[in-house]
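What follows is a single structure, written as structure tokens, with notes after it.
Note that ligands are numbered from 1 as they come in the structure, with each ligand's atoms numbered from 1 the same way.
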Amino acid sequence: MKIRFIEPGNRPYKKTVLNYFVYDRYIRTPSVGLNTLATIVKREIPDTYMYSESISGINEKDVLDADIIFIGIFTFAAVRGYELADYYRKNSRATVVLGGLHASMNYTEAVQHCDYVLLGEGDDTILPLIRAVSEEKKPSGNGYAYLEDGELIHTGMPEAPTDIDVIPDRDLIHNYRKMVGHSTIWPQVHASRGCPHNCDYCALVRHFGHCVRTRSPENVVADIKYSIDYFNRRPFRLLKGLWITDDNFFADRDWAIEVLNKIIDSGIKYKFNIQARYEVGFDDEMLDLLKRAGFFELDLGIEFVDDDSFKTYHKKSTKTEIEEAIRNIQRHGMAVRGLFILGSDNQKKGCGKDLADFVIRNNIKGVLIQCMYFVPGTPVFERNKDRLLHTRWDKYNGNTVHHPKNMTPYELQLENIDASRRIYSVPRLFKALFTEDFLHKILFIGEFFWHMSVRSDLKKELPYLKSME
Ligand code: SF4
């Protein structure tokens, strides 16, 4: 049996010098989730391999004679994923399976493009599906959606997997070994899944659930070591950092402390950053441990900078608390990066400037700004689906995609561009060059060019948004 995994790229990988300093245009770090599934399958099916359009093209010839092709999609890459799925269904004899967050939460749409949708995370259900396909049977048990005589069959959501101690085999991904020289690709480790919180716009918690599941600290540290060694084969990378990509690493506090102590005891000397909720900024014991373990930066999902928006979207935080948390993190010698959303029902024209002022005032080192978007399956999607401009999922990557309450879509897009321009201005670039440490100098230069590229994409959407007025 021959199995191929494909991670579609919103813009498939293209070789360009831009890739050395602009992330997310023609290059991204490949998906840890799909790599994990490929690793699980490889244990049973030796001829298993993966292509990620984040870092390479797809070897057509190799994929066309596969028995099963798994395609994992996030929302922003769904259009490309469907295009590939349609192509392989038409041109090969393979069974085509779509999975990943978007396909699972939007299975009624995804099932039109494939033979099966793999629901949920897939760790425990992927091998039973392969066995069923090899025996030319329908899969039994929860975890699948498919069409039978035109009727949609949904076998029920599977239990979330509890044994997640899998170290993804990076060598299963075509070209990965060659691509690790790019500073825009970071080693990544995902150590836990699930989050006890319930933010209205969060698709991840709907996909991974509220029950927090963790990998053993030994397994996490082994993965970190392997990942660092993998990337250190290319010694000339400007940025040597590892990103812990958990959505809420600190949800199980005792476990998080154990992992950090294991990293310290292991003697690993590396720079880490990690996503976190702002509350960790009040946990001095945790912050001390993070600093000692080598964490240089916390990526806070701040989302909004006004209390009304926090209330509207059931985010339990206030602007004052967040600012206090940021100051405490900085007091512990770590930097803060912010993830923000623009276009809430409470925001008005000028929200881009407010966001930039907040970032600059609080010395936030870098930002990711998204216009409000809604993934099917989230409470905000159900409440707002009538306000969507379209469902061209490839545009759900920062662009305005809905009618905001107090602005036009065009105005919201301009606010996003304005915030980016203020934060990544030329004077601030020079300031970073003269005042930041080496790592943040390099990061700011990279992000300066990255945001130029983001703004250029946002501007391309302006004529369409203007036509909506
Ligand atoms: S805390 Fe983060 S991961 Fe958890 S529900 Fe909110 S946005 Fe999602």
Side-chain angles (χ1 to χ4, degrees), residues 31-33 74-76 100-102 104-106 120-121 157 160-161 164 188-215 220 243-253 255-256 259 273-283 286-287 290 295 297-319 321-322 324-326 329 336-347 355 364 367-384 396-398:
S31 155
V32 174
F74 287 104
T75 299
F76 60 84
L101 187 146
H102 185 86
S104 179
M105 293 182 57
N106 208 15
E121 296 166 44
M157 287 305 288
I164 55 170
Q188 295 186 351
V189 169
H190 202 88
S192 66
R193 302 183 198 171
C195 174
H197 297 281
N198 201 24
C199 304
D200 278 5
Y201 44 79
C202 181
L204 295 165
V205 75
R206 268 89 214 165
H207 186 65
F208 292 109
H210 292 293
C211 172
V212 177
R213 292 151 292 131
T214 55
R215 290 168 65 183
V220 175
W243 188 22
I244 305 279
T245 54
D246 299 34
D247 307 308
N248 191 354
F249 177 85
F250 305 96
D252 181 339
R253 187 174 183 277
W255 169 83
V259 173
N273 67 333
I274 190 164
Q275 301 191 118
R277 276 178 64 94
Y278 77 98
E279 290 98 325
V280 77
F282 297 117
D283 187 338
M286 191 72 82
L287 292 176
L290 282 163
F295 286 76
E297 190 172 87
L298 268 58
D299 307 335
L300 299 189
I302 298 171
E303 330 295 10
F304 309 111
V305 296
D306 61 282
D307 290 344
D308 291 338
S309 296
F310 289 132
K311 276 190 209 126
T312 301
Y313 299 96
H314 302 129
K315 177 112 184 163
K316 289 187 191 125
S317 42
T318 65
K319 183 176 167 186
E321 284 172 338
I322 286 177
E324 280 170 14
I326 291 171
I329 293 165
V336 169
R337 173 170 301 274
L339 316 175
F340 295 95
I341 298 173
L342 279 176
S344 83
D345 283 352
N346 309 86
Q347 292 173 331
L355 169 54
I364 292 174
V367 295
L368 174 68
I369 308 168
Q370 294 266 342
C371 287
M372 183 64 95
Y373 79 103
F374 314 111
V375 176
T378 57
V380 281
F381 180 85
E382 292 310 316
R383 281 206 306 272
N384 293 289
Y396 280 52
N397 58 351

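- Defined by atom type and a distance below 3.5 Å, a donor-acceptor pair is present between the side-chain atoms of Ser309 and Ser344.
- Summarising the geometry of Cys195 relative to Asn248, their closest heavy-atom pair is SG-ND2, 3.5 Å, with the distance given to 0.1 Å.
- A centroid separation of 6.0 Å or more is found between the aromatic rings of Trp255 and Phe250.
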- Message: Test ring-ring contact (aromatic ring centres under 6.0 Å, His included) on Phe304 and Tyr313; report intermediate values, then the result.
- Response: CA-CA 10 Å; Phe304 309 111; Tyr313 299 96; 5.4 Å; yes
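- With respect to atom 6 (Fe) of ligand 1, the closest heavy atom belonging to the protein is Cys199 SG, 2.4 Å.
- With a 4.0 Å heavy-atom cut-off, ligand 1 is reached by no atom of Lys315.
- Of all the listed residues (Cys202, Gly194, Pro196), Cys202 holds the heavy atom that lies closest to atom 8 (Fe) of ligand 1.
- Contact annotation for Cys195 and ligand 1: only side-chain heavy atoms (C-beta onward) come within less than 4.0 Å of the ligand.
- The distance from ligand 1 to the heavy atoms of Arg277 drops below 4.0 Å at these ligand atoms: 1 (S).
- Nearest residue to atom 3 (S) of ligand 1 from Asn198, Asp246, Asp247 is Asp247 (criterion: closest heavy atom).
- Within the 3.5 Å criterion, the main-chain N or O of Ser104 finds no donor-acceptor partner in the side chain of His102.
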